[in-house]
Amino acid sequence: MKFRMYGFSENYKELFSVYKQTGIQSVVSGKNNVAMKVAKESGLKYYICTGAYGTSDEKEHCQSITGERTSWFRSGCSNHLDLRERSFKRAEDTAKLPDLNGIIIDGARFASPESIESMDAFFTCFCPRCMAKMDSLGFDSQEIKLSVSAFYHLIKHNKPFKLQNHISNLKDWLTFRRLCVTEFLTEYIDRIKTVNQDIETGIYIFSPSLSDLVGQSYRDISSIVDFISPMIYRHYKYPQGPACLDHEIAAISGYFEEKDDEVKSVIIDTFKKLTGVDYSIYGTREQLLKEGLPPEVVVSETKKAAFLSGDCPVIPIILLDDVNLENIIVEISDVVNEIDFFAYNDPVFAQAKPVLEKYR
């Protein structure tokens, strides 16, 4: 089994040698020219993780179904041309760096249910640019907006909602998200490869049970990148956890908990028809945030990712501090031959090190 590690300490010159001895063959972090050089000298690959749509400019933020501008994950609208171009240019500049083995893009998506800014962030983007793009792609932007608004008001205010009247438009909304993300990633990778054909490209992607909600299609993206890294964080022990499987499902659970049985059933059924997943089976929001998801979910999500990705290598990124780390490594070793770990810190690495050495 091959391992890679997200992050390192300030004492990376010594740590990289320890990484190598532990079976870690690659490291992921931000731009650090000296660390990249030391990694190469230590026999490690170095990958830079870079964001997609980062911005603090409110004019570049998404527009929610209520008409308000909202950011998500410190990001903006994926169809804002200036924002996209900055992302492409940053990728091109990164690809020119010496001693760099690859680029992993993060946040190449639309907002998720666990957007820490607000629930409204998920119900985006309906800015004039996105509305016009929906129509240009053959969708009916007004009908999509009407149905997304109805679903939003069902969740937020218990307003009447007939699923059969809206499910087609809601599916179109998610399809639009998928087309936008796939289009962006296609150009993003093309721009990188034009600068440096040999550099590896990958993506930190939502787990398969969530990816459809944010516009990330494994089948589409597996034909674009060199590898796919699903973020399968089953128990992230911090208050906020965008992209973490337990936090995202907890957020969805929050949509239907404390509703009457009829409304609850409709919300659950709507998500099931959109993603094929019944999010109500995983426990309450409180249970999910306190206990996380069972270890077998990591295995099942890894298998789903491998199936959907075809020949594209899957390198799941899992939590280094997982109490079931060894069992998870053993269980997914039949499916993948490389695992990424999030994230390095001294005490957690010290505890995990014997396990990694055992299975290197």
Side-chain angles (χ1 to χ4, degrees), residues 1 3-7 24 28 49 73 106-107 109 111-116 119 122 204-214 216 228-257 268 271 275 277-306 314-336 338-356 358-359:
M1 178 65 71
F3 300 132
R4 65 175 57 172
M5 183 69 67
Y6 190 104
I24 297 166
V28 184
C49 176
F73 199 53
D106 187 27
R109 59 179 177 86
S112 67
E114 170 59 359
S115 296
I116 61 177
M119 168 185 160
F122 174 53
Y204 284 134
I205 187 172
F206 270 43
S207 294
S209 291
L210 295 167
S211 59
D212 288 344
L213 292 175
V214 297
Q216 293 179 326
I228 282 180
S229 287
M231 298 174 286
I232 313 179
Y233 307 147
R234 73 172 190 89
H235 190 196
Y236 189 69
K237 306 178 188 70
Y238 298 91
Q240 298 173 336
C244 300
L245 196 58
D246 56 341
H247 282 257
E248 293 288 351
I249 296 177
I252 296 171
S253 296
Y255 290 171
F256 56 73
E257 288 180 357
I268 292 171
F271 275 106
T275 66
V277 180
D278 182 352
Y279 296 113
S280 68
I281 67 173
Y282 295 103
T284 66
R285 175 179 174 83
E286 182 180 3
Q287 288 172 329
L288 285 163
L289 295 179
K290 182 179 179 181
E291 304 169 10
L293 291 156
E296 48 266 30
V297 169
V298 179
V299 180
S300 63
E301 291 295 304
T302 301
K303 289 180 177 180
K304 287 181 189 176
V314 170
I315 306 170
I317 179 166
I318 64 176
L319 293 172
L320 185 64
D321 67 354
D322 197 308
V323 296
N324 292 98
L325 184 65
E326 181 169 3
N327 289 339
I328 290 171
I329 290 173
V330 170
E331 289 293 327
I332 65 176
S333 62
D334 291 337
V335 185
V336 299
E338 187 167 3
I339 302 172
D340 198 344
F341 297 105
F342 186 86
Y344 177 87
N345 72 52
D346 291 339
V348 172
F349 179 65
Q351 186 173 3
K353 187 170 175 287
V355 175
L356 302 187
K358 183 176 179 180
Y359 294 98

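Everything numeric in this text was worked out from a predicted model, so none of it was measured.
Closest approach of I116 and P242 over heavy atoms only: CG2-CG, 3.7 Å. Considering all non-hydrogen atoms of both residues, C244 and Y233 come closest at SG-CD1, 3.5 Å. Shown here for A305 and P230, the closest heavy-atom pair between the two residues is CB-CG, 3.9 Å.
Residues M119 and Y255 have side chains in contact (heavy-atom distance under 4.5 Å, counting atoms from C-beta outward). P295 places none of its side-chain heavy atoms less than 4.5 Å from the side chain of V298. Residues I315 and I339 fail the side-chain proximity criterion, which asks for heavy atoms closer than 4.5 Å. Side-chain contact check for V314 versus P316: some heavy-atom pair is nearer than 4.5 Å. E114 has its side chain out of reach of I249: every pair of non-hydrogen atoms, C-beta onward, lies at least 4.5 Å apart. At a threshold of 4.5 Å between non-hydrogen side-chain atoms, the residues L245 and V297 count as touching. A 4.5 Å side-chain heavy-atom check between D106 and M231 finds at least one atom pair inside the cut-off. At a threshold of 4.5 Å between non-hydrogen side-chain atoms, the residues D278 and F271 do not count as touching.
Aromatic pair F341/Y6: ring centres not closer than 6.0 Å.
Atom OG1 of T302 is separated from atom CG of D334 by 11.5 Å, given to the nearest 0.5 angstrom. Separation of atoms OG (S209) and CD1 (I232) is listed at 9.5 Å; rounding is to 0.5 Å. Considering OG of S229 and CD1 of I205, their distance stands at 9.5 Å, rounded to 0.5 Å. Put simply, CG on L210 and OG1 on T275 are 8.0 Å apart, with the number rounded to the nearest 0.5 Å. The distance from the OG atom of S211 to the CZ atom of F206 is 9.5 Å, given to the nearest 0.5 Å.
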- Test log, rule side-chain contact (heavy atoms from CB on, under 4.5 Å), inputs Y279 and L288: CA-CA 11 Å; Y279 296 113; L288 285 163; over 6 Å; no
- Item | Criterion side-chain contact (heavy atoms from CB on, under 4.5 Å) on N327 and N324, from CA distance to verdict | CA-CA 6 Å; N327 289 339; N324 292 98; 4.1 Å; yes
- Step by step, work out the side-chain hydrogen bond (donor to acceptor under 3.5 Å, both in side chains) result for Y282 and D246. CA-CA 9 Å; Y282 295 103; D246 56 341; over 6 Å; no
- Task: Apply side-chain contact (heavy atoms from CB on, under 4.5 Å) to the pair R4 and I317, showing each step before the final yes or no.
- Result: CA-CA 9 Å; R4 65 175 57 172; I317 179 166; over 6 Å; no
- Item | I252 vs I268, side-chain contact (heavy atoms from CB on, under 4.5 Å): CA-CA, chis, key distance, verdict | CA-CA 9 Å; I252 296 171; I268 292 171; over 6 Å; no
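Taking a 6.0 Å sphere around CD of Q351, one finds it holds 12 or fewer heavy atoms contributed by other residues, nucleotides or ligands. Within 6.0 Å of the NZ atom in K290, the count of heavy atoms belonging to other residues, nucleotides or ligands does not exceed 12.
Under 3.5 Å, the side chains of Y359 and E326 contain a donor-acceptor pair of N or O atoms.
When the options D322, L289, L319 are evaluated for a side-chain contact (heavy atoms from CB on, under 4.5 Å) with Y236, the one that passes is L319. Among the candidates H247, E248, Q216, the single residue satisfying the side chain to side chain donor-acceptor pair (under 3.5 Å) test with S112 is E248.
Considering only residues two or more places apart in sequence or on other chains, A111 meets the side-chain contact (heavy atoms from CB on, under 4.5 Å) condition with W72, S115, A121, T124. In this structure E257 satisfies the side-chain contact (heavy atoms from CB on, under 4.5 Å) test together with S253, T284, R285, sequence neighbours excluded.
Without hydrogens or angle criteria, R234 side chain to L293 main chain gives a donor-acceptor distance under 3.5 Å.
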